[in-house]
Amino acid sequence: MSDLTESAQETVELQHGCVVTSSLGQRVLLVPRDKYVSVVKALADEGFDICIDLTGVDYLNMPNRVVGHQIAPERFEVVVNLLSMSTRQRIRLRVQVPENDCTISSLFDVHPGTEAHERETFDMFGIVFEGHPDLTRILMPEDWDGHPLRKDYQQGNIPVQFKGSHS
Amino acid sequence: MSTTNPHVIAAGTSEGGQELLSRSELTAKELFREVGAVLRMSEAEAAALAEIQTEAPEDQTMIINMGPQHPSTHGVLRLMLELQGETVLRCKPIIGYLHTGMEKTGENLTYMQGGTNVTRMDYLSPLNNELVFSLAVEKLLGIEAEIPERAVWMRMLLSELNRMSSHLLFLATNGMDIGAVSMMLYGWREREEVLRFFQKVTGLRMNHNFIRPGGVAADLPTGWRDDVLDILALLPSRLEEYDILMTGQPIWRERLQGVGAITAREAMALGATGPILRSTGVAWDLRRDMPYLRYSEVEFDVVVGQYGDAYDRYAIRFNEIRESMRIVYQILDRMPGGNYRIQNKKVTPPPRARIDESMEALIHHFKIFTEGFKVPEGEVYVGIESPRGEIGCYIVSDGTSTPYRMHVRAPSFVNIQALPHMMRGGLVADAVAVISSVDPVLGEVDR
């Protein structure tokens, strides 16, 4: 992410009060967690009315990474890809989510289609989406222990878990 | 997080069940919230729907499971349906039966091996999966402009043929689900012709791992042009047969028209892409609107529907086969010569013959196949048009030879969330037609 450090030293471009960076020519918005929903709403009014993708990243093994201008890196990141059909543009939002308070607001009211993505992100990373109508596991069994895509999820020698078995 | 202590595992986590609850277990507020959740509406909107009877007598409704082992659920999709008589009141797709942790697996495979993993997600259009993964890796490497022309056009050829084979299989399964069993045989038969070509080119019928970062794995075999022309010559008459068999047939129309209708606004709110979005009249095709490869240089039409029903989705896929054939003809005309992969020794393994002569070639070969190539730090999202909609690949690289995070935005995963909306108020007999018209691939839904 060296290109991010370089752009941070120049004048910082802002959009809806958020730092705009570029990752390999793609427009990325670094959004603070408390402004997240309002920024997505403002972008939706601007034409980014389709939420294509929402996912998470666990940066446990990259604690010293540079996110961008004055943004402190946190362990988790929620990444949202928005699409504007009218201007044929994409924009990506990256939101830092700290480990000790692993919550973020749900986008359900703005983009109802993120419901499944948020459930998947919760399932895989344990990030809680506040205001989500049905935050349950989606891919793993409902009594599964742990969140598999976390970097500290122990791989290998995981006993096979069968629902309802007591062994 | 995980522990080997069985007692902790047995205690489990308590996020609650994934199932649809019966009405007696729900309060009115919870029912609205749940309807809102499965219909992707706000609670207030759900409450405004007058036809949701909160007081529906328990003995008149029944919750049944459709799947996960049902021949027409296209794999292991499980739907919980709440029925009143034959009418579907509520529906909830329950997925995850085919979850094999492919995104986690992807973090442990080098960029070289990653293709073998992603190709198994949407197993009906494997080449599109490989393509989006390769495009993302190439963008991270910064070599996307250096891919030889022949490789680019070969990728387009394979991608379009794959679209044809995938849609032919859709016609087969859609026919089978509606009751036109002979269509199943025809669809599989024609698809096999395309797969035979893939076998000749890639060595495998499915899961090719042929499109790789840097180009493709091998050049086209001799006689490939005749093989493609044979397929193109065969299909038009066969497609006309299908037209006679299905399109104009009253029974076929009765089964599909007006079934599982969805509006453009709903489809966009749900994030649905591909034929589902186009069936509502939104002309959105990434091949035309955000072109990748050389799609801007070929001529084709984006097929759109009008009513957003199962019939439109059928007709769109049917005609997309014809559009793909049009594109393939243009590709045949323009297929350039030259290299089929980038001549960058850090990314591309040396040709087999060089290994016998050159020590460096042997070292490069060994390094690339054991530790892979390193990809600069960064994160990138690339989306392309697969037969099912936008397939996207989000890769975070930490500078090593394996992705730090590899996420695939699977079109079926998103499209399947539109099922409750399409089924609501319909008949249980139409549920099969609706599932079929979404054309989900469960390997991709569950990953």
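Naming: A, B, ... by sequence-line order, numbering from 1 per chain. Being a predicted model, the structure only gives us computed values, none of them experimental.
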Requested in this report: Please determine if B:Lys104 forms a cation-pi arrangement with A:Tyr153, meaning its NZ or CZ atom is less than 6.0 Å from the six-membered ring centre and no more than 45° off the ring axis.
Outcome: no
Query - Toward chain B, the part of A:Arg92 with a non-hydrogen atom under 4.5 Å - result: side chain
Query - Region of B:Val414 that comes under 4.5 Å of a non-hydrogen atom in chain A - result: side chain
**Report entry** Engaged part of A:Glu120 at the chain B interface, taking heavy atoms whose separation is under 4.5 Å
**Finding:** side chain
Requested in this report: Show your reasoning for whether side-chain contact (heavy atoms from CB on, under 4.5 Å) applies to B:Glu390 and A:Asp53.
Outcome: CA-CA 10 Å; B:Glu390 173 172 341; A:Asp53 191 26; over 6 Å; no
Query raised in the report: Looking only at side chains, do B:Arg405 and A:Thr55 share a donor and an acceptor under 3.5 Å apart?
Result: yes
Query raised in the report: In Å, rounded to the nearest 0.5 Å, how long is the span from OG1 of B:Thr273 to CD1 of A:Ile52?
Result: 6.0 Å
Query raised in the report: Any idea how A:Tyr59 and B:Tyr404 line up, ring-wise: parallel (<30°), tilted (30 to 60°), or perpendicular (>60°)?
Result: parallel
Query - Interchain contact, B:Val445 with chain A, by part (heavy-atom threshold 4.5 Å) - result: backbone
Query raised in the report: Can you say whether A:Asn61 sits under 4.5 Å from chain B via the side chain, the backbone, both, or neither, judging by heavy atoms?
Result: both
Report task. Let me know if B:Glu266 has heavy atoms under 4.5 Å from chain A in its side chain, its backbone, both or neither. Result -> neither
Query - Shortest non-hydrogen contact between B:Tyr381 and A:Arg90, atoms and distance - result: CE2-NH1, 3.7 Å
**Report entry** Engaged part of B:Leu140 at the chain A interface, taking heavy atoms whose separation is under 4.5 Å
**Finding:** both
**Report entry** Salt bridge present between B:Glu379 and A:Arg65 (N-O < 4.0 angstrom)
**Finding:** no
Query - side-chain contact (heavy atoms from CB on, under 4.5 Å) assessment of A:Leu149 paired with B:Glu103 - result: CA-CA 8 Å; A:Leu149 279 180; B:Glu103 291 186 2; 3.7 Å; yes
Requested in this report: Show your working on side-chain contact (heavy atoms from CB on, under 4.5 Å) between B:Tyr97 and A:Leu139 and close with a plain yes or no.
Outcome: CA-CA 7 Å; B:Tyr97 291 94; A:Leu139 294 177; over 6 Å; no
Requested in this report: Would you mind checking which part of A:Val110 comes under 4.5 Å of any heavy atom in chain B, side chain (CB onward), backbone (N, CA, C, O), both or neither?
Outcome: neither
Requested in this report: Counting only heavy atoms closer than 4.5 Å, note whether B:Met290 contacts chain A via side chain, backbone, both or neither.
Outcome: side chain
